[in-house]
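For reference, positions follow the sequence shown, starting with 1.
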Amino acid sequence: MTTVSAASRPATVTEPIAGATGSPIALTDRRPVVPAERLVAEMVPPPRFSDVSFGTYLPDPGQPSQYEAVQVLEQFAAALNGANGAAPKRGWFRRGTPAPAGPAGIYLDGGYGVGKTHLLASLWHAVPGPKAFGTFVELTNLVGALGFQQAVRTLSDHRLLCIDEFELDDPGDTVLVSTLLGRLVENGVKLCATSNTLPEKLGEGRFAAADFLREIQGLSAHFRPMRIDGQDYRHRGLPDAPPPYRDTEVDAVAARTPGASLDDFDTLLAHLPAVHPSRYGALLDDVTAVCLRGVRQVDDQSTALRLVVLADRMYDRELPITASGLPFDQVFPEEMLRGGYRKKYLRAVSRLVALARDSAKN
């Protein structure tokens, strides 16, 4: 898979296209329609990781596991680079001899902000294509857009599949992804994934049905787990969430920033169910900064999970956020932060706070 330039990217239809006259963009006016081929073409590292490498990763001197992870991934990349051409593939529709024994990939486990995505993207850059990179959510959305069999056919032609933020929040997704990766491993695709939970612990605190736990255990057998310890780099010596702006200040930032969006937080949350999460990236096309009025605590779990996906897409695009209302470290209530989706919410808080800090610097 090669990087697709903006000029050659399959078109996205957004109705209407706000901000064309120089006024702030209203995300709530956008209803993007994304062709399936764009979903495939954009399975590359997000812009903030477009130029990273193992050499640009800076391990914490006090965390030897970070050095070890770099060495293991460099060896993994070297093994893939040493193959003569693409790895031999069996037809996706044929049954043949079993795949070679042993793990088919690397699983990077660790906390937030220790550089897992940096390392995953570095591996992607170090390995020749065809290859694909996407979050767990983007992978499930791709299957939904293409259909399972077409997704197997498309991804089976790849040498490497990198999956960031591997999450199993839904029993249906557990079966879907386990089956998909099993088929890809059979066809010679190598895997690398990041998450915040060890493979054998995936699903704990979310659902406990024996059938799904068995699916999780089978999935974990495909990976060699690598633990990466360390402190969230976004919090190393940095302050807590910056204080929110006043509404008038948010309006002023939006007015003077070309390409900025401006929305009321409540109105944006109400709009998100009308846009499939696979299109949240397209929702932010051509946006340079996000301005929000009246950020409040989000008590509804469905709404909160949509906000998590939107936060991921904003973070991928390095969009500074200028907001009034509550600071982002208070956007999710304590009971949610203690629940089964706590890792998602904590990641979103970390990313939203980082983007708010970026705005405060300007």
Side-chain angles (χ1 to χ4, degrees), residues 4-44 46-47 134-147 150-151 169-170 173 250-251 253-255 257-296 298 300-325 331 344 348 351-352 355:
V4 177
S5 67
S8 61
R9 177 187 300 159
T12 299
V13 179
T14 304
E15 299 178 356
I17 301 176
T21 61
S23 58
I25 296 165
L27 299 180
T28 52
D29 287 342
R30 293 184 156 195
R31 290 168 178 80
V33 178
V34 182
E37 57 266 28
R38 173 174 169 178
L39 297 179
V40 178
E42 291 190 339
M43 291 194 73
V44 298
T135 64
F136 179 83
V137 171
E138 289 168 334
L139 182 61
T140 57
N141 288 337
L142 179 70
V143 176
L146 298 182
Q150 182 60 43
D169 301 315
D170 179 90
D173 286 347
V250 174
D251 292 345
V253 170
T257 306
S261 66
L262 175 63
D263 294 273
D264 290 320
F265 189 65
D266 267 335
T267 307
L268 179 59
L269 294 182
H271 179 63
L272 290 181
V275 181
H276 191 275
S278 66
R279 301 171 183 171
Y280 286 5
L283 190 69
L284 298 166
D285 280 353
D286 304 318
V287 174
T288 62
V290 173
C291 297
L292 296 171
R293 290 183 295 236
V295 172
R296 62 165 175 83
V298 180
D300 175 71
Q301 187 139 265
S302 296
T303 303
L305 290 173
R306 292 188 187 98
L307 179 59
V308 167
V309 177
L310 183 64
D312 287 341
R313 301 292 79 80
M314 291 190 293
Y315 185 77
D316 289 345
R317 288 157 178 76
E318 300 181 291
L319 300 178
I321 302 176
T322 303
S324 64
V331 75
K344 282 181 178 287
R351 291 182 167 188
L352 290 168
L355 296 175

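Under the rule for a side-chain contact (heavy atoms from CB on, under 4.5 Å), the partners of Ala323 that lie at least two apart in sequence or sit in another chain are Leu292, Val295, Ile321, Phe328. Applying the side-chain contact (heavy atoms from CB on, under 4.5 Å) criterion to Thr288, with sequence neighbours excluded, gives Thr257. Partners of Arg313 according to the salt bridge (Lys or Arg N to Asp or Glu O under 4.0 Å) rule, which considers only residues two or more places apart in sequence or in another chain, are Glu138, Asp316. Asp286 pairs by the salt bridge (Lys or Arg N to Asp or Glu O under 4.0 Å) definition with nothing, not counting sequence neighbours. For the side-chain contact (heavy atoms from CB on, under 4.5 Å) test, residues two or more places apart in sequence or in another chain that qualify with Glu318 are Arg48. Listed by chain and number, the residues in a salt bridge (Lys or Arg N to Asp or Glu O under 4.0 Å) with Asp263 amount to none (sequence neighbours excluded).
Once rounded to the nearest 0.5 Å, the distance linking OG1 of Thr267 with CG of Leu27 reads 11.5 Å. Taken from CG in Asn141 to NE2 in His276, the straight-line distance is 5.0 Å, to the nearest 0.5 Å. Remark: Thr28 OG1 to Asp264 CG distance equals 8.0 Å, nearest 0.5 Å. In this structure, the separation between OG1 on Thr303 and CG on Leu272 is 8.0 Å, given to the nearest 0.5 Å. Separating the CG atom in Asp29 from the CG atom in Leu283 is a distance of 10.5 Å, to the nearest 0.5 Å. To the nearest 0.5 Å, the span separating CG on Leu268 from CG on Leu307 amounts to 8.0 Å.
Among all heavy-atom pairs drawn from Leu39 and Ser278, the shortest one is CD2-O, 4.0 Å. Between Pro24 and Leu262, the shortest heavy-atom distance links the atoms CB-CB, 3.7 Å. Counting all heavy atoms, side chain and backbone alike, Val253 lies closest to Cys291 at CG1-SG, 4.0 Å.
Side-chain atoms of His271 come within 3.5 Å of backbone atoms of Arg30 as a donor-acceptor pair (strictly under, hydrogens ignored). Between the side chain of Ser261 and the backbone N or O of Ala26, no donor-acceptor pair lies under 3.5 Å.
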Working note: Val40 + Leu146, criterion side chain to side chain contact (heavy atoms under 4.5 Å, CB included); need CA distance, chi angles, decisive distance, verdict. CA-CA 9 Å; Val40 178; Leu146 298 182; 3.9 Å; yes

Steps toward side chain to side chain contact (heavy atoms under 4.5 Å, CB included) verdict (Arg306, Leu269): CA-CA 8 Å; Arg306 292 188 187 98; Leu269 294 182; over 6 Å; no

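Contact annotation: the side chain of Arg317 never approaches that of Val287 to less than 4.5 Å [non-hydrogen atoms, C-beta and beyond].
Each of Val34, Asp312, Leu310 was evaluated against Tyr280; a single residue qualifies, Leu310, per the side-chain contact (heavy atoms from CB on, under 4.5 Å) test.
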